[in-house]
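In what follows, a structure is listed as structure tokens, so that the remarks can point back to it.
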Amino acid sequence: MTTPTTESTSDAKSKSRKAAASGWIGSALEYYDWFVYAQAAALVFPSIFFPGGNPTVALVSSLGTYAVGYVARPIGAILFGHYGDRHGRKKVLVLAMLLMGFSTFAVALLPTYHQAGLLAPVLLVLLRFVQGFAVAGELSGASAMITEHAPFGRRGYYTSFSLHGTQAGQIIAAAVFLPLSAVLSEQAFDSWGWRVPFLLSAVVVFAGYVIRRRVEEPEVFTRGEDKPQQAPFLQVMRESGTDVLRAICMTLVNVIGVVVSVFGAAYATQSGYGIEMSKSVYLWIPVVANLVALPFIPWFASLSDRFGRRPLMIVGALGSGLLSFAYLWSVSRGDVVLTIVLAILTWGIFYQICNATFAAYYQELFPARTRVTGFAIAQNVGLTIVAFLPSLFTLAAPPGSANVPLVVGGLCLGVNVIAAIAAFTARETHRVPLEQLGEKHAVPMPREEFDRLRSAVR
């Protein structure tokens, strides 16, 4: 039996905490940038980056630039995965952060359509592509760094801080954007106010860069005993192709965010569906749900360290899938209070069971030589698939159709059942020592010994 690598307790804790802090701030920054763009694409960009005359075309074009980021993610996953597995987790994290920060800051400096004509939307699309490219390397590199530095028996808890950062980034984006849109006049906001959240990313990039430069490469990488023998993409598909497919399927649980905040918002507010809730409700639902999620993420991750990754992935997928019926039913009734409560239960709690667990689980499915690549491909391909689901839901239940909660809820549950089956067929990894992760026949540490080691680490 291979035992976990030993080093001084204080040194190990310091490295673990630095890696977790680096993952948190990097994820918070990158997802702040990602969601600031999403809000601006819906609220501001149609009128300032696209020709006037047809507001529907302008909105579709603006949201199309948002989708370009998802097209870029699988490309970024392959290239950043290659770089991270060949040259180091630290290097890929610094590069991803600088690229994201540069592209976001540059959006703030863009001329409008009235100033530069078609050059303005072309530059906007290009910068969104760079954002999508960069964000593909963030979570895979950050969670690899944290997993490989984390104390044995606490990998789930420590790695969850990268996911905690993504939720915090969404909250910070809303906390910056919403007050500006409320305080400034519409003319001032459209003229210069919308640029402020993009400019602020430069401050966080600097702080994140300082923190990430101080984090050491994990020992499992620096020893160089498990480097890829060929291109990491080819090697991970040859050695771990079924695990990549399982992780892609597990990533489909992100459909819950689509049902609650994307399709749910359209269903609740578009006049064609006849419900017409206030749009302000759907500006605040993501904020409230993510605030509720923050304390639950590390707790659920700790449960995955204690009971295993598979049970939590299955319970989270099936539980949130079933709750989607109730959530959509509450929307159909126009019950604002019940809608908010069920949005929190579905997205802010049950979905977070999976969200808190998957980062450690995906990392543990792959060996060190292809770990960043395997995670990056699985997560970003899965998210790209999810990005097209709102269109599928709208086609299946267009405005004016009956039984929308049943139809869309059924599709959502079906997707989550696929995620649950993928988790059920995957091997359990939480008691496998770091050096044996990714081995198909690795022997988990006996539970008694695992519990003893885990209880000794805080």
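Remember, predicted model here, so these are calculated numbers, not experimental data. Heavy-atom basis, side chains included; hydrogens, waters and symmetry copies ignored.
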Handout entry: P405 vs Y267 side-chain heavy atoms within contact, under 4.5 Å
Key = yes
Practice task
Would you confirm whether R195, through its side chain, and L110, through its main-chain N or O, come within 3.5 Å as a donor-acceptor pair?
Solution key: yes
Exercise for the section: Check whether any side-chain heavy atom of F152 sits under 4.5 Å from a side-chain heavy atom of R454, and report yes or no. Expected result: no
Handout entry: Within 45° cone and under 6.0 Å: R128 NZ/CZ vs Y37 ring
Key = yes
Practice task
Check for a donor-acceptor pair, side chain of T425 on one end and backbone N or O of A422 on the other, with a separation under 3.5 Å.
Solution key: yes
Problem - The single option from E216, E148, E138, E217 passing salt bridge (charged side-chain N to carboxylate O under 4.0 Å, His left out) against R89 - result: E148
Practice task
Determine the interplanar angle of the H430 and F450 rings, folded into 0 to 90°, and report it as parallel if under 30°, tilted if 30 to 60°, perpendicular if over 60°.
Solution key: perpendicular
Practice task
To the nearest 0.5 Å, tell me how far I349 CD1 sits from Y351 OH.
Solution key: 14.5 Å
Exercise for the section: Flag the pair I25 / L29 as yes when at least one side-chain heavy-atom distance between them is below 4.5 Å, and no otherwise. Expected result: no
Exercise for the section: Would you check if N416 and I256 make a side-chain contact, meaning some heavy-atom pair closer than 4.5 Å? Expected result: yes
Exercise for the section: Answer yes if the side chains of T147 and R155 hold a donor-acceptor pair under 3.5 Å, and no otherwise. Expected result: no
Practice task
Compute the centroid of each ring, for Y70 and then for F388, and state whether the two points are separated by less than 6.0 Å.
Solution key: no
Problem - Distance-only side-chain donor-acceptor flag, H441 / E439, under 3.5 Å - result: no
Exercise for the section: Check for a donor-acceptor pair, side chain of T166 on one end and backbone N or O of L163 on the other, with a separation under 3.5 Å. Expected result: yes
Exercise for the section: Enter the distance from Y31:OH to F35:CZ here, rounded to the nearest 0.5 Å. Expected result: 7.5 Å
Exercise for the section: Mind running side chain to side chain contact (heavy atoms under 4.5 Å, CB included) on Y362 and T251 for me, showing each step along the way? Expected result: CA-CA 10 Å; Y362 291 10; T251 302; 2.9 Å; yes
Practice task
Would you please say whether a donor-acceptor pair under 3.5 Å links the side chains of Q363 and S143?
Solution key: yes
Problem - Flag side-chain contact, heavy atom, 4.5 Å: L294 against I171 - result: yes
Exercise for the section: Look at the side chain of K440 and the backbone N and O of E239, then say whether any donor-acceptor pair between them is shorter than 3.5 Å. Expected result: yes
Practice task
Indicate yes or no: at least one non-hydrogen side-chain atom of D243 is less than 4.5 angstrom from one of R246.
Solution key: yes
Problem - Heavy-atom check, side chain of V236 versus side chain of S240, under 4.5 Å - result: yes
Handout entry: Neighbour count above 12 (heavy atom, 6.0 Å) for Y157 OH
Key = no
Handout entry: T429 vs L365 side-chain heavy atoms within contact, under 4.5 Å
Key = yes
Exercise for the section: Given side chain to side chain contact (heavy atoms under 4.5 Å, CB included), test L328 with V404 step by step and report yes or no. Expected result: CA-CA 8 Å; L328 291 168; V404 173; 5.7 Å; no
Handout entry: Backbone N/O of Q230 and side chain of Q235: donor-acceptor pair under 3.5 Å
Key = yes
Problem - Side-chain donor/acceptor of S27 to backbone N/O of S162, under 3.5 Å - result: yes
Practice task
Report yes or no: does Y327 contribute a side-chain atom to a donor-acceptor pair with the main-chain N or O of V260 at less than 3.5 Å?
Solution key: yes
Handout entry: Between T370 and D85, a side-chain donor and acceptor under 3.5 Å
Key = no
Practice task
Give the ring-plane orientation class for F296 versus F300, where under 30° counts as parallel, over 60° as perpendicular and anything between as tilted.
Solution key: parallel
Problem - Q131 side chain vs S103 backbone, donor-acceptor pair below 3.5 Å - result: no
Practice task
Measure from the side-chain N and O atoms of T104 to the backbone N and O of G101, and report whether any donor-acceptor pair falls under 3.5 Å.
Solution key: no
Exercise for the section: Examine distances only and state if a side-chain atom of S16 and a backbone atom of H149 form a donor-acceptor pair shorter than 3.5 Å. Expected result: yes
Practice task
Measure the acute angle between the ring planes of Y158 and F161, then classify it against the limits of 30° and 60° as parallel, tilted or perpendicular.
Solution key: tilted
